[in-house]
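Please read the structure below before turning to the comments.
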Amino acid sequence: VVIRFIFGLGEAASWPAGTQAMQFWYPKSERGLVNGVTHSCGQFATSIVPLLGVAIMAAWGWRSIFHIFGTIGIVWAIGWWMMYRERPEQHKRVNAAEAAYIRDGAATSGPVKKKTDIPWKLILTCPATYVLGIAWSAYTYTAYFFWYWMPTYLLEFRHISLKNMGYLAPLPLFAGAVGVVVGGIITDYAYRKTGNLKWSRRGICIVAMVGSAIFAIPAGTMDKAVPVVICLILCNFFVSLCSAATWAVSIDIAGGYAG
């Protein structure tokens, strides 16, 4: 329990820290894709880690799962600590041309400040803060079904066998991982082509929510399991299209205070 608590403390900071890193290291025209790749890994890992865990446990025992995953985490953390710097200007392998390209959409090109006061009044009185929160809540309500309840739904409500569930349950998550990346590519492409930051983010989110609703309705009314799973695959693909754009919007709004 203590280990899980400590792990949660570190995990809580991962998304804000990642958002800030993307704000400092990527211009506006690339933030959709980088958010898409980052968030797609979450869905992809959720779909394959249980399969890997079972294989490892069958081969070397259940304790080996903790040993292998823990070792990978430690190696990754050491590598990240050695290579990552908070801003491009602080990294010895980033030249002036690269830094100038990144700063085109970054918060600042000046010296790195040690401490900056967060403008809480501006944040709490900004309508976009609440609109973005409502939109993300709608996304999360749908996404949590695929992340946590999909196997239970297939087993208990659709009466799919445990073996078939193992093959079918990961498919919507794979589709979601693809959808996140595709959404990031589309929002960046739209911004580069139109120069309209608002609609390049907003447009893909509208398509995502409408598309997911179209396939969610038959998924809840059909009787046969296979068509239901197909609709769920398409539903999660569409709803995941908005993930990268939504996180990119939070960076666009917050600027140097992102994270």
Side-chain angles (χ1 to χ4, degrees), residues 8-40 42 86-90 99 101-145 147 179-180 183-184 186-213 238-259:
L9 290 177
E11 188 176 14
S14 63
W15 294 114
T19 301
Q20 187 179 66
M22 293 175 206
Q23 195 277 330
F24 286 140
W25 277 86
Y26 293 89
K28 292 179 180 179
S29 60
E30 296 181 8
R31 289 176 186 166
L33 177 58
V34 69
N35 272 285
V37 172
T38 302
H39 289 268
S40 71
E86 184 177 1
R87 303 201 186 198
E89 293 86 350
Q90 298 172 322
Y101 172 76
I102 294 171
R103 286 197 299 265
D104 181 57
T108 179
S109 59
V112 178
K113 296 180 180 180
K114 296 298 182 180
K115 184 178 180 180
T116 304
D117 293 332
I118 300 175
W120 287 111
K121 182 178 179 180
L122 180 61
I123 293 173
L124 297 177
T125 57
C126 177
T129 301
Y130 299 97
V131 173
L132 189 63
I134 293 172
W136 190 250
S137 297
Y139 162 80
T140 305
Y141 181 85
T142 305
Y144 262 59
F145 168 79
W147 297 343
V180 176
I186 292 175
T187 186
D188 284 347
Y189 178 81
Y191 175 63
R192 287 194 296 268
K193 286 295 183 180
T194 66
N196 190 320
L197 189 62
K198 178 188 291 186
W199 280 103
S200 65
R201 309 296 195 216
R202 183 182 294 178
I204 188 63
C205 291
I206 293 174
V207 172
M209 292 301 180
V210 172
S212 64
F238 272 96
V239 77
S240 298
L241 288 175
C242 73
S243 179
T246 305
W247 280 88
V249 167
S250 67
I251 298 175
D252 297 336
I253 293 173
Y257 300 102

On a heavy-atom basis, the closest approach of G36 and V180 is O-CG1, 3.1 Å
Beyond-backbone contact of K193 with D188, side-chain heavy atoms, under 4.5 angstrom: no
On a heavy-atom basis, the closest approach of A245 and I204 is CB-CG2, 3.5 Å
Would you say R31 and Q23 make side-chain contact, with heavy atoms under 4.5 Å? yes
Are the side chains of Y101 and P88 in touch, meaning some heavy atoms are under 4.5 Å apart? no
Rounded distance [0.5 Å steps], CH2 in W25 versus CD in E86: 10.5 Å
Can a cation-pi geometry be assigned to R87 and F24, taking NZ or CZ under 6.0 Å from the six-membered ring centre and within 45° of the ring axis? yes
Would you check if L124 and T129 make a side-chain contact, meaning some heavy-atom pair closer than 4.5 Å? no
Ring geometry between W247 and H39 (parallel below 30°, tilted from 30 to 60°, perpendicular above 60°): tilted
Heavy-atom closest pair (S212 atom, F238 atom, distance to 0.1 Å) is N-CB, 3.5 Å
Taking OH in Y144 as the centre, count heavy atoms belonging to other residues, nucleotides or ligands within less than 6.0 Å. Is the count above 12? no
Mind listing the closest non-hydrogen atom pair of L241 and G179 along with its distance? CD2-O, 3.2 Å
With no hydrogens and no angle check, is any side-chain donor or acceptor of T187 less than 3.5 Å from a backbone partner on S200? yes
Which distance, rounded to the nearest 0.5 Å, do you find between the CH2 of W136 and the OG of S243? 4.0 Å
Between Y26 and A21, is there a donor-acceptor pair closer than 3.5 Å when you use the side chain of the first and the backbone of the second? no
Straight-line distance of T38 OG1 to L33 CG, nearest 0.5 Å: 9.0 Å
Minimal heavy-atom distance between T125 and K121, with the atoms involved, is OG1-O, 2.6 Å
In short, C242 meets M209 closest at the heavy-atom pair SG-CE, 3.9 Å
OH of Y189: more than 12 outside heavy atoms within 6.0 angstrom? no
Verify, without hydrogens or angle tests, whether R192 (side chain) and S29 (backbone) share a donor-acceptor contact under 3.5 angstrom. yes
